[in-house]
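What follows is a set of notes on a single structure, which appears directly below.
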Amino acid sequence: LQMSTLEVSEEVRQYLKTPTFDNWQWEDAEIMVLLQVMYTDLDFISTFNIELDVLQQFLYEVYKRYNNIPFHNFKHCFCVTQMMYGLIWLTDLRSKIDSVDLLIMLTSAVCHDLDHTGYNNAYQINARTELALRYNDISPLENHHCAVAFEILEKNESNIFRNLTTEQYKRIREGIIKCILATDMSRHTDILNKFKAILSTFDFDNKDHRDVLMMIMIKVSDISNEARPMDVAEPWLDCLLQEFFNQSDMEKLEGLPVTPFMDRDKVTKPSSQTGFIRFVLFPLFIELANLFPCLEQHIIDPVRKALDYYTEMEKALEREKQNRAQ
Ligand SMILES: COc1ccc(NC(=O)[C@H](C)Nc2nc3c(cnn3-c3ccccc3C)c(=O)[nH]2)cc1
Ligand SMILES: [Zn+2]
């Protein structure tokens, strides 16, 4: 089902800018066109003289390098990119930072999990995989995602930056590396503390401040499923747990350490999610909403609803367990 950019209605173009967008209603071929629309509607095509056939080739190469695994697949890439796109419009970021930084943010989201194998860094390091060896246990996955992105960009026919100046290309490469490496959750607290420290005196003209904000925004986009409507978000948690359980099954088979919140014998869907929302999601989203108050209604209110939903589910499970025990 080929849908050219022309056929995307004005209504869909507006819907695409909101965090309520439902990725499950669209086929991969249509999603490819929606990604194209994002580059077009942010004026990147004209600003950076990106030829449409090069953008299509880039997105096709990206599509091919995402793997068919339960969570870290091409649909996840689209969700993260679409949330980033929505945040750019909701916060009116185009009036605060320049197009090169916006191009870095969107392209980083597109590329941020390229060739993810469904096994996280702890597994890569414990199993001493080729990636752990190559990157000396330092964010092996995120280094790989970034390296694959630039393998694609090295090829002239898929290099969307080929008409930029060397100076611009250098700046974009530095920015994409910074953003993709920032998605390593082991750096979560460091990056969040860095952002908290500058929040009260945040200055959009300060490059260091902009760099931290760009890292926060890709982090927020990356783990933002619960900011979406429940019927969009809940299937994502099922996919995530499927991938996590695949990994912990493999770890048990290989006699490797098993991450507790990935162990199907230890974790329940609601209990893992209430903890994640309270201790990871809320603190991160609240800091970003401190800088952009309009995000309170768009991403924090939905997460409150999700916390209530999973807390209720947790209690129901608890009651059921009590009844069974009697
Ligand atoms: C600080 O490092 C962490 C902290 C928490 C987690 N994950 C969790 O607590 C659990 C499994 N839940 C969870 N984890 C999630 C979500 C979205 N992305 N995401 C995720 C996926 C892969 C790697 C890391 C994370 C946070 C989500 O909605 N829930 C994973 C890593
Ligand atoms: Zn991701």
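Indexing begins at 1, ligand by ligand and atom by atom, following the structure's order. These numbers come from the heavy atoms of this one structure, side chains and all, not from hydrogens, waters or symmetry mates.
Using a 4.0 Å cut-off between heavy atoms, Trp236 makes no contact with ligand 1 at all. The proximity of Met262 to ligand 1, defined as any non-hydrogen pair under 4.0 Å, does not occur for either the backbone or the side chain. Residue-level proximity to ligand 1 for Leu240 is carried by the side chain, the only part with a heavy atom below 4.0 angstrom.
Between Asp238 and Lys269 there is a salt bridge, with a side-chain nitrogen of the basic residue lying less than 4.0 Å from a carboxylate oxygen of the acidic one.
What sits closest to atom 4 (C) of ligand 1 on the protein, heavy atoms only, is Val280 CG2, 4.0 Å. Given atom 2 (O) of ligand 1, the protein heavy atom at minimum distance is Met185 CB, 3.6 Å. Closest to atom 18 (N) of ligand 1 among all protein heavy atoms lies Ile223 CG2, 3.7 Å. For atom 28 (O) of ligand 1, the nearest non-hydrogen atom of the protein is Gln273 NE2, 2.8 Å.
Between Thr311 and Asp308, the side chains place no donor N or O within less than 3.5 Å of an acceptor N or O (distance only, hydrogens not considered). Side-chain contact of Gln14 with Glu10: a donor-acceptor pair under 3.5 Å is present, judged by distance alone. Residues Gln25 and Glu30 bring no donor and acceptor atom of their side chains to less than 3.5 Å of each other. Side-chain polar atoms of Asn23 and Trp236 form a donor-acceptor pair below 3.5 angstrom. Between His116 and Asn67, the side chains place no donor N or O within less than 3.5 Å of an acceptor N or O (distance only, hydrogens not considered). Side-chain N/O atoms of Asn323 and Glu320 include no donor and acceptor closer than 3.5 Å. Side chain to side chain, Asp115 and His145 fail the donor-acceptor criterion of an N or O pair below 3.5 Å.
Residue Phe244 places a heavy atom under 4.0 Å from ligand 1. Within the structure, ligand 1 lacks His188 among the residues with a heavy atom less than 4.0 angstrom away.
Of all the N, O or S atoms in Asp113, the one closest to the Zn ion (ligand 2) is OD2. Looking only at N/O/S atoms, Asp222 comes nearest to the Zn ion (ligand 2) through OD1.
Nearest-residue assignment for atom 16 (C) of ligand 1 (options Tyr310, Phe276, Phe71, Phe261; heavy-atom criterion): Phe276.
No donor-acceptor distance shorter than 3.5 angstrom exists from the side chain of Asp43 to the backbone of Ser46, with no hydrogens or angles considered.
Within the 2.8 Å limit, His72 places no N, O or S atom next to the Zn ion (ligand 2). Here His112 meets the criterion, with an N, O or S atom under 2.8 Å of the Zn ion (ligand 2).
On a distance-only criterion, Asp222 and ligand 1 share no N/O pair closer than 3.5 Å.
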For a quick test of your reading: what N or O donor-acceptor pairs under 3.5 Å do the side chains of residues 188-196 make, sequence neighbours left out?
residue	atom	partner	partner atom	Å
His188	ND1	Lys219	NZ	2.9
Asn193	ND2	Thr189	O	3.3

